[in-house]
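Each chain gets a letter, A, B and so on, in the order its sequence line appears, and its residues count up from 1.
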There are 2 protein chains.
Amino acid sequence: MGKNLVGNHIRKLRFNHDELTQQQLADKVGVTRQTIVALEKGNYSPSLELAFRIAHTFNLPLEEIFYYGEDTKQ
Amino acid sequence: MGKNLVGNHIRKLRFNHDELTQQQLADKVGVTRQTIVALEKGNYSPSLELAFRIAHTFNLPLEEIFYYGEDTKQ
DNA sequence: ACATAATGTAAAATAAACTATACATGAAGT
DNA sequence: ACTTCATGTATAGTTTATTTTACATTATGT
């Protein structure tokens with residue numbers, strides 16, 4: 001257990017960003033689709049390394065994709 | 001194995017920031033001293049959650065403390 | 001009706017992060 | 001000389017992230 005305190009906007013970004021599919025994003029960042037599924041579902045938070053690669057892929061600063069605690073963004 | 005691609009400025013920050021000791025920082029962010037030691041040594045990269053808590057403690061954006069690949073900062 | 005592609009879900013196995021414990025070293029103070 | 005404190009190092013154990021495999025569902029196209 002131990003609830004996951006980190007949220008993200010991955011799902012939204014996949015659609016805004018070239019309509020990426022889960023599998024395509026997974027390939028781009030070098031993980032399996034299951035990992036993307038789990039992240040979108042909020043099952044756990046990624047490693048910092050993976051978070052960086054995802055941010056890289058979307059060309060966004062990490063903190064615009066991932067946030068600690070409640071989402072405070074627009 | 002699997003080399004760690006994420007670096008950080010934790011050690012420097014401990015000194016710039018109130019001369020925090022490893023143990024004090026560990027307490028503030030809720031991990032053991034061993035974790036801080038490992039991070040400073042670059043043995044592995046933290047979870048995203050821990051990275052956020054550390055950034056919080058130093059009152060800095062996460063990406064000013066942690067960087068992917070080579071350090072490109074000043 | 002059939003095939004294909006995207007997604008959801010689930011569970012067992014491996015890898016990586018993190019803890020707990022323990023001991024060693026060097027510096028600083030008394 | 002002794003104590004205390006910060007740090008270094010090591011290793012076994014637990015927890016969490018990630019992989020692998022597998023099957024189900026819904027939508028789209030032919």
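The CG-C1' distance, from L20(B) to dC5(D), rounds to 15 Å in whole Å. What separates CG of L50(A) from P of dT16(D) is a distance of 18 Å, to the nearest Å. Here dC5(D) presents its C1' atom at 11 Å from CD of Q23(B), a figure rounded to the nearest Å. Look at CD on E49(B): it is 16 Å from P on dT15(D), rounded to the nearest Å. Straight-line distance from the CG atom of N43(B) to the P atom of dA15(C): 18 Å, rounded to whole Å. dT18(D) atom C1' lies 12 Å from atom CD1 of I54(A), rounded to whole Å. Atom P of nucleotide dT14(C) and atom OH of Y44(A) are separated by 17 Å, given to the nearest angstrom. Atoms CZ (R14(B)) and P (dC5(D)) sit 17 Å apart, rounded to a whole Å.
Looking at Q24(A), its side chain does come within 3.5 Å of a backbone N or O of T21(A) through a donor-acceptor pair.
Within residues 25-37 of chain B, the residues having any heavy atom closer than 4.0 Å to DNA chain D are, in order of number, R33(B), Q34(B), V37(B).
Residue order along DNA chain D, read from the 5' end via each residue's closest nucleotide, puts Q24(B) first among A38(A) and Q24(B). If you find the closest nucleotide of DNA chain D to S47(B) and to E40(B), the one lying nearer the 5' end belongs to E40(B).
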*asked:* Between L60(A) and H9(A), is the side chain to side chain contact (heavy atoms under 4.5 Å, CB included) condition met? List the steps.
replied: CA-CA 11 Å; L60(A) 287 173; H9(A) 300 297; over 6 Å; no
*Checking side chain to side chain contact (heavy atoms under 4.5 Å, CB included) for the pair I10(A)/L25(A): CA distance, chi angles, key distance, verdict?*
CA-CA 10 Å; I10(A) 294 179; L25(A) 176 57; 3.7 Å; yes
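Of the side-chain N and O atoms in K41(A), none sit less than 4.0 angstrom from OP1 or OP2 of dT7(C). Side-chain N/O atoms of R11(A) include none lying less than 4.0 angstrom from OP1 or OP2 on dT7(C). At least one side-chain nitrogen or oxygen of S45(B) sits closer than 4.0 Å to the OP1 or OP2 atom of dA17(C).
In this structure, the side chains of F58(B) and N16(B) stay at 4.5 Å or more apart for every pair of heavy atoms. With contacts defined as side-chain heavy-atom distances shorter than 4.5 Å, the pair F52(B)/L5(A) does not qualify.
Proximity note for L39(B) (side chain, C-beta onward) versus dC18(C), dT7(C), dT7(D): the nearest is dC18(C). For Q22(B), whose side chain is taken as the heavy atoms from C-beta onward, the closest listed nucleotide among dG8(D), dT18(D), dC18(C) is dG8(D).
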Side-chain donor-acceptor pairs of residues 40-51 of chain B under 3.5 Å, sequence neighbours excluded:
{"unit_1": "E40(B)", "atom_1": "OE1", "unit_2": "R11(B)", "atom_2": "NH1", "d": "2.9"}
{"unit_1": "E40(B)", "atom_1": "OE1", "unit_2": "R14(B)", "atom_2": "NH2", "d": "3.4"}
{"unit_1": "E40(B)", "atom_1": "OE1", "unit_2": "Q22(B)", "atom_2": "NE2", "d": "3.4"}
{"unit_1": "E40(B)", "atom_1": "OE2", "unit_2": "R14(B)", "atom_2": "NE", "d": "2.5"}
{"unit_1": "E40(B)", "atom_1": "OE2", "unit_2": "R14(B)", "atom_2": "NH2", "d": "3.2"}
{"unit_1": "S45(B)", "atom_1": "OG", "unit_2": "N4(B)", "atom_2": "OD1", "d": "3.4"}
{"unit_1": "S47(B)", "atom_1": "OG", "unit_2": "L50(B)", "atom_2": "N", "d": "3.1"}

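Considering only residues two or more places apart in sequence or on other chains, Q23(A) meets the side chain to side chain donor-acceptor pair (under 3.5 Å) condition with D27(A).
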